[in-house]
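The next block holds one structure in the form of C-alpha cells; read it before the comments.
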Protein chains: 2
Amino acid sequence: MNQRVTIQEVAPRDGLQIEQRFVPTSEKIALIDALSQTGVAKIETTSFTSPKAIPNLSDASEVMAGITRHEQVGYVALVPNERGAERALAAGTDELNLVMSASDSHGLANLRMTPWQSLERFPAILELARGHEVFINASISTAFGCPFDGEVPASRVLEIISQLTAMGIRGVSLCDTTGMANPAQVRALCEHVLARWPELALTLHVHNTRGMGLANALSAWQAGVTRFDAALGGLGGCPFAPGASGNVCTEDLVHMFEEMGIDTGVDLDALLAVSQTLPELVGHDVPGQVVKAGRSNRRYPLPESASAR
Amino acid sequence: MNQRVTIQEVAPRDGLQIEQRFVPTSEKIALIDALSQTGVAKIETTSFTSPKAIPNLSDASEVMAGITRHEQVGYVALVPNERGAERALAAGTDELNLVMSASDSHGLANLRMTPWQSLERFPAILELARGHEVFINASISTAFGCPFDGEVPASRVLEIISQLTAMGIRGVSLCDTTGMANPAQVRALCEHVLARWPELALTLHVHNTRGMGLANALSAWQAGVTRFDAALGGLGGCPFAPGASGNVCTEDLVHMFEEMGIDTGVDLDALLAVSQTLPELVGHDVPGQVVKAGRSNRRYPLPESASAR
C-alpha cells in the first residue's frame, strides 16, 4: 500500500465558513500563512461565493491577495458558479474546486441545482479557465449519503464522475458532507473509482460527525486513496448535528498516518503549534484530540509511588 | 471477514472509576440493568479492588448483589489480587478479569508489580477460582505502548500471552490503556496473536485518547478480532490527557459495525436511549458522537429554500 499521502487543509474555507464569529481578514491570512509552513500540499483558502450566502468568506479576494504564497503549496478556492470562477481566476488561484451534490435535495438546498443541472453549468466554468494555469477539481457532496434523500447509490456517483472526466476534469473529491459514510462503503466506492479511472486525482473529504472520520480515511487509504482533505482542529461541522464534530481533524489524521509509518510530508509539531492558536481564533474549544493528549510518543514522569520499587 | 462481533460494555467499571462524582449504588445498578437489555454480550460491572485505591467502586459487592441478571449477559469484574478474587467469587461473578501491565513502569505505578511479578501472582487466583463456574480473562494494560516507558515490544506481549495460556487462561484482552496504538500496530499484533493462538478468546480494549479508537477497532476486526471492549458515551479517560476522550464509545462502535453490515447483537436504539441518561448521571457532557448527531440513516426535512424547485 502507498507509504506516501498528501494532506489538503480545508479549515480556512470549510472550517471558518460556519463559525459564529467573522474571523478578521488579517487573522485568516495569518492562519493560512502559518499553515503554509507546515508541509500541507494544498490549502483550501476561501470560497468565491456570494457574500450573502457565506458572509464569513466575503473577503475572499482580500485573503487571496494578502497571503504569502509558499511555492510547495497549492492555493485552492471553492467556486460555485461562473461569477465565482472569474473572481477566483482574477485572484490568481492555483486550483478551482467546483462544487456539486450527488443528491437532488442537497443540491437544491445548497446550490439550487440538481446534480444534472450542476453538470450542465460546469463547461462554462471550464471555458473561463481555459488559458489560465489552474487545476480544476470537482467536489461531489453527499457522495456517501444525503441527510434529506438518504442513500445515494454508488451508480449515481459513478455516472457523475463519468461526466466530469468526459469534460476533461482530472481531479475529483468524494465528500461525506454530513458524516454518513462507513468504512466498508468508503472502501468499496474508492476501489471502484480508482479501478475505473486509475489516472484520476481522487481525494477523500470526510466529516467526523459520527466519529468515523479516521476509520473512513484509513479505509480509503487501504483502497489506494492518497489525497485527503482535513481541517485543522476538526473545525467545520454539520448544521444538522449541533455538538457533533466537523471535518476530520488534520493533526489527528497526520498523527495516525505518521504513527503507521506513512509519510504525509507534514511537520506535525508545527501543525500542532498552529492548532493551539485555534480556540482563541474561533472563540471556542475545538474537537481535535492529539493537541489535547499530545502525540503517542509523549512520555510522562513516573509517579512517586512507582519509583520506590 | 467475520460478520458477527460481540460488544463488551465497560462503562460501569472503566468509565465510572475515574469520574469526579461518586455515582450512587442504586444509579449504578439502574445503569447496568438498562445495559443488560441492549444486547451487549458482557458488562464489566465493577472492580473488586481496595476502596482506598478506587473509592468510586467501593460498592462492588452491593452492585453485584443488586443487579438483575440477564441470562444472555456475562457479568465481569476486574480483580487485581487474591482478596479481590475472593470477593468477586463470593458475589457470583461470571468472569474474573485479571489485570496486569505489559510495561514495568505502568505495572509499578498502577499495581506495584512488574509484569513478571503479576504473572507469579496469577496462579494463586486461578487456584481460588477452581471449582467455581467462572471464566478467567487476563487484561494486558499498555500492550501497545506505555506512557512512562514508551514503546512496548510486541515480543514482550507475546511472551506474556505465552505464560498466561500456559497457566490455562483462555481469554486475553490487549489494552491500549492510554490511546497510543495505531491501526498498523493493532493489525500486526492481533494477526500475530490469532495466528499463534487461534483458540484464544482475544479482546481488543482501546481508548480514543488520540481519536484513533474506531480506526483501531476496524483494524483489529480486519485482523480477525471479534470481541471489543467499549464504554457507553465514551466514558473513561486517561489521567494524563485532560480534555481528551476516554474509552472507545460503545454506541459509536456499534453504529460503525452495524453500518458496515456487521452484526453486533446490540439494539442500537436501546443503547442510545441509555446513553442519553449519562450526562445527568455523571454531571457532564460525554464524548460520544452518534448520540448527538443521530444514526447515519437519520433524515432531515428539506429546507424551505429547496422545496421550491
Side-chain angles (χ1 to χ4, degrees), chain A residues 105-110 112 114 145 147-151 178-185 208-215 217-219 222 234 238 240-245 249 252 255-256 259-262 285 288-290 292-303 305-307 309, chain B residues 105-110 112 114 145 147-151 178-185 208-215 217-219 222 234 238 240-245 249 252 255-256 259-262 285 288-290 292-303 305-307 309:
Chain A
S105 294
H106 187 268
L108 290 165
N110 201 39
R112 296 172 188 264
T114 67
F148 312 118
D149 296 345
E151 197 188 333
T178 59
M180 294 171 65
N182 69 72
Q185 180 189 19
N208 196 36
T209 319
R210 292 167 176 92
M212 293 183 282
L214 289 185
L218 173 68
S219 199
Q222 291 172 335
C238 169
F240 313 112
S245 72
C249 170
D252 291 2
H255 178 263
M256 181 180 78
E259 287 289 315
M260 293 174 71
I262 300 164
D285 189 25
Q289 292 275 113
V290 175
K292 295 173 190 123
R295 304 167 69 144
S296 285
N297 65 9
R298 181 168 173 187
R299 294 291 156 269
Y300 293 84
L302 203 56
S305 61
S307 39
R309 304 195 179 193
Chain B
S105 294
H106 187 268
L108 289 166
N110 202 39
R112 297 173 188 261
T114 67
F148 311 118
D149 296 345
E151 195 187 334
T178 61
M180 294 172 66
N182 70 72
Q185 180 188 19
N208 196 36
T209 319
R210 291 166 176 94
M212 294 184 279
L214 289 185
L218 173 68
S219 200
Q222 291 173 337
C238 168
F240 314 112
S245 73
C249 170
D252 292 2
H255 178 262
M256 179 179 80
E259 286 290 314
M260 293 174 72
I262 299 164
D285 190 24
Q289 292 275 113
V290 174
K292 296 172 189 122
R295 306 168 67 144
S296 285
N297 66 8
R298 181 169 171 185
R299 297 291 157 267
Y300 293 84
L302 203 57
S305 62
S307 41
R309 306 196 177 191

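Letters A, B, ... are given to chains in the order of the sequence lines, protein chains preceding strands, and every chain is numbered from 1. FYI, side chains are in, hydrogens and waters are out, and symmetry mates aren't considered; it's all heavy atoms of this structure.
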Can you name the nearest heavy-atom pair linking B:L108 to B:T114, along with the distance? CD2-N, 4.1 Å

Note: vs chain B, highest number of non-hydrogen pairs under 4.5 angstrom among A:G145, A:A181, A:G211 is A:G211

Given a strict heavy-atom distance threshold of 4.5 Å, which part of B:L218 is in contact with chain A: side chain, backbone, both, or neither? side chain

May I ask you to decide if B:N208's main-chain N or O and A:Q289's side chain share a donor-acceptor pair within less than 3.5 Å? yes

Shortest non-hydrogen pair, B:F148 vs B:S105, comes out as CB-CB, 3.6 Å

Name all residues meeting the side-chain hydrogen bond (donor to acceptor under 3.5 Å, both in side chains) criterion together with A:Q222; count only those two or more places apart in sequence or in a different chain, and write none if there are none. A:R187, B:Q222

Need one label for B:E259: side chain, backbone, both or neither, based on atoms under 4.5 Å from any heavy atom in chain A. both

Interface moiety of A:D149 toward chain B, non-hydrogen atoms closer than 4.5 Å: backbone

